[in-house]
A.B. asks: 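Before anything else, here's the structure in question.
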Amino acid sequence: MMTEQEKMLKGQLYDASDEELCALRHKANSLCLKYNSLEEDDPSRQKILEELIPLHNGVYINAPIHMDYGKNISFGKDCFVNYNFTVLDCAPIKIGNHVQIGPNVTIATALHPLRAEERRTFINDRGVLGDREYALPITIEDDCWIASNVVITAGVTIGEGSVIGAGSVVLHDIPAHSLAAGVPCKVIREITEKDSIYHD
């Protein structure tokens, strides 16, 4: 029989009030609070971040950060994340190499059933108020730039080299090398050599 965490990571309906999941969220929340309370040049910040997230070289994340679990996020190398990064990592989130993420970005894998009777809270077998939800993975491929105040929703893949404009809500996959923006986010055009800052 699968644990609630196993169900969660496989995209199945699970009870978010499960004791193991609550303990993991509590640990992540504590680590985020510690990270957020330290000065930018405090050397212990990196150790806290490494305990929270599997990291590669050259990943820098400005505080404050807010994460459900942390351990379900993976970063490639040489990534930068600006202030107020909010992550609901109930499913795996894969962020590639050389990704830049602006301030106030939310990445949310969590979903709830659309039918009200299926998402109502309930008393679980431990006598605790339960919450049925599920989650789908998110992928941001290499060399993407996610601008300020973007929301990326469950199940989305953003293709290599794409730029997501400020304030966008990404509900569907974005193909590689696209400039995309809006609510909902839509592809505006392909990014080409003519977009180079060195282009005459």
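As the structure is a computational prediction, the values presented were derived from the model and not from experiment.
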A.B. asks: Where do Ile158 and Cys144 come nearest, in terms of heavy atoms and distance?
C.D. replies: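 Shortest heavy-atom separation between Ile158 and Cys144 comes out as CG2-SG, 3.8 Å.
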A.B. asks: So Tyr35 and Leu49, do their side chains get closer than 4.5 Å, heavy atoms only?
C.D. replies: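 Yes, side chains in contact.
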A.B. asks: Return the minimal non-hydrogen interatomic distance between Cys79 and Ile95, and the atom names on each side.
C.D. replies: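 Reported closest heavy-atom pair: SG-CG2, 4.4 Å.
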A.B. asks: Nearest 0.5 Å, what's the OH-OG1 distance between Tyr14 and Thr3?
C.D. replies: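 Between Tyr14 OH and Thr3 OG1, I get 11.5 Å after rounding to 0.5 Å.
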A.B. asks: Using 0.5 Å steps for rounding, measure from the CD atom of Gln100 to the CG atom of Asp78.
C.D. replies: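 CG of Asp78 is found 10.5 Å from CD of Gln100.
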A.B. asks: List the residues meeting side-chain hydrogen bond (donor to acceptor under 3.5 Å, both in side chains) with Lys10, not counting sequence neighbours, and say none if there are none.
C.D. replies: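 With sequence neighbours excluded, Lys10 shows a side-chain hydrogen bond (donor to acceptor under 3.5 Å, both in side chains) to no residue whatsoever.
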A.B. asks: Residues two or more places apart in sequence or in another chain: which of them pass side-chain hydrogen bond (donor to acceptor under 3.5 Å, both in side chains) with Gln46?
C.D. replies: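 With neighbours one apart ignored, the set is Glu50.
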A.B. asks: Can you list everything that forms a side-chain contact (heavy atoms from CB on, under 4.5 Å) with Asn29? Sequence neighbours excluded, please.
C.D. replies: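 Listed in chain order: Leu33.
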A.B. asks: Among side-chain atoms of Tyr134 and Gln12, is any donor-acceptor pair under 3.5 angstrom?
C.D. replies: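 There is no such pair between these side chains.
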A.B. asks: Check whether more than 12 heavy atoms from other residues, nucleotides or ligands sit under 6.0 Å from atom NZ of Lys7, and answer yes or no.
C.D. replies: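 Yes, NZ of Lys7 has more than 12 neighbouring heavy atoms, counting only those of other groups under 6.0 Å.
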A.B. asks: So, for Ile191 and Leu179, which heavy atoms are closest and what is the spacing to 0.1 Å?
C.D. replies: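 In this case the closest contact between Ile191 and Leu179 is CG1-N, 3.7 Å.
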A.B. asks: Using a cut-off of 6.0 Å, state whether more than 12 heavy atoms not belonging to His112 lie near its atom NE2.
C.D. replies: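 Buried by this count: over 12 neighbours within 6.0 Å.
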A.B. asks: Under the rule for side-chain contact (heavy atoms from CB on, under 4.5 Å), what residues qualify as partners of Lys34, not counting sequence neighbours?
C.D. replies: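 Lys34: side-chain contact (heavy atoms from CB on, under 4.5 Å) contacts with Ile48.
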A.B. asks: Can you tell which of Met2, Glu4, Met8 makes a side chain to side chain contact (heavy atoms under 4.5 Å, CB included) with Glu6?
C.D. replies: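 Among Met2, Glu4, Met8, the one that satisfies the side chain to side chain contact (heavy atoms under 4.5 Å, CB included) with Glu6 is Met2.
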A.B. asks: Might you point out which heavy atoms bring Asp89 and Asn72 nearest each other, and give the distance in Å?
C.D. replies: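 Residues Asp89 and Asn72, closest heavy atoms: O-ND2, 2.8 Å.
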A.B. asks: Scan residues 156-168 for pairs that pass salt bridge (Lys or Arg N to Asp or Glu O under 4.0 Å), counting only residues two or more places apart or in two chains.
C.D. replies: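 Checked against salt bridge (Lys or Arg N to Asp or Glu O under 4.0 Å) - neighbours excluded - no pair reaches residues 156-168.
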A.B. asks: Between Arg189 and Asp195, is the closest basic N to carboxylate O distance under 4.0 Å?
C.D. replies: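 A salt bridge links Asp195 with Arg189.
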A.B. asks: Give, for atom OG1 of Thr109 and atom CD1 of Ile138, the distance between the pair rounded to the nearest 0.5 Å.
C.D. replies: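 Going from OG1 on Thr109 over to CD1 on Ile138, the span is 6.0 Å.
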A.B. asks: For the CD atom on Glu39, are there more than 12 heavy atoms of other groups (residues, nucleotides or ligands in this structure) within a distance under 6.0 Å?
C.D. replies: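 Count not over threshold, so no.
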A.B. asks: Mind checking the NZ-CG spacing from Lys47 to Leu38? Nearest 0.5 Å is all I need.
C.D. replies: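 Those atoms lie 12.0 Å apart.
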A.B. asks: Between Tyr198 and Glu193, does a side chain to side chain donor-acceptor pair (under 3.5 Å) hold up when you go through it step by step?
C.D. replies: CA-CA 9 Å; Tyr198 303 109; Glu193 289 295 322; over 6 Å; no
A.B. asks: State, to 0.1 Å, how close Ile174 and Cys185 come at their nearest heavy-atom pair, and which atoms those are.
C.D. replies: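 The pair with the smallest heavy-atom distance is CD1-SG, 4.2 Å.
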A.B. asks: Test side-chain contact (heavy atoms from CB on, under 4.5 Å) on Ile164 and Val170 and set out the steps.
C.D. replies: CA-CA 8 Å; Ile164 307 299; Val170 186; 3.8 Å; yes
A.B. asks: Hey, what do you get for CG (Leu136) to OG1 (Thr153), rounding to the nearest 0.5 Å?
C.D. replies: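 If I round to the nearest 0.5 Å, the distance is 9.5 Å.
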A.B. asks: Can you name the residues that form a side-chain contact (heavy atoms from CB on, under 4.5 Å) with Asn97, not counting sequence neighbours?
C.D. replies: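 Asn97: side-chain contact (heavy atoms from CB on, under 4.5 Å) contacts with Lys77, Asp142.
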A.B. asks: So which atom in Ala16 and which in Arg25 form the shortest heavy-atom distance, rounded to 0.1 Å?
C.D. replies: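 Where Ala16 meets Arg25 most closely, the heavy atoms are O-NH2, 2.7 Å.
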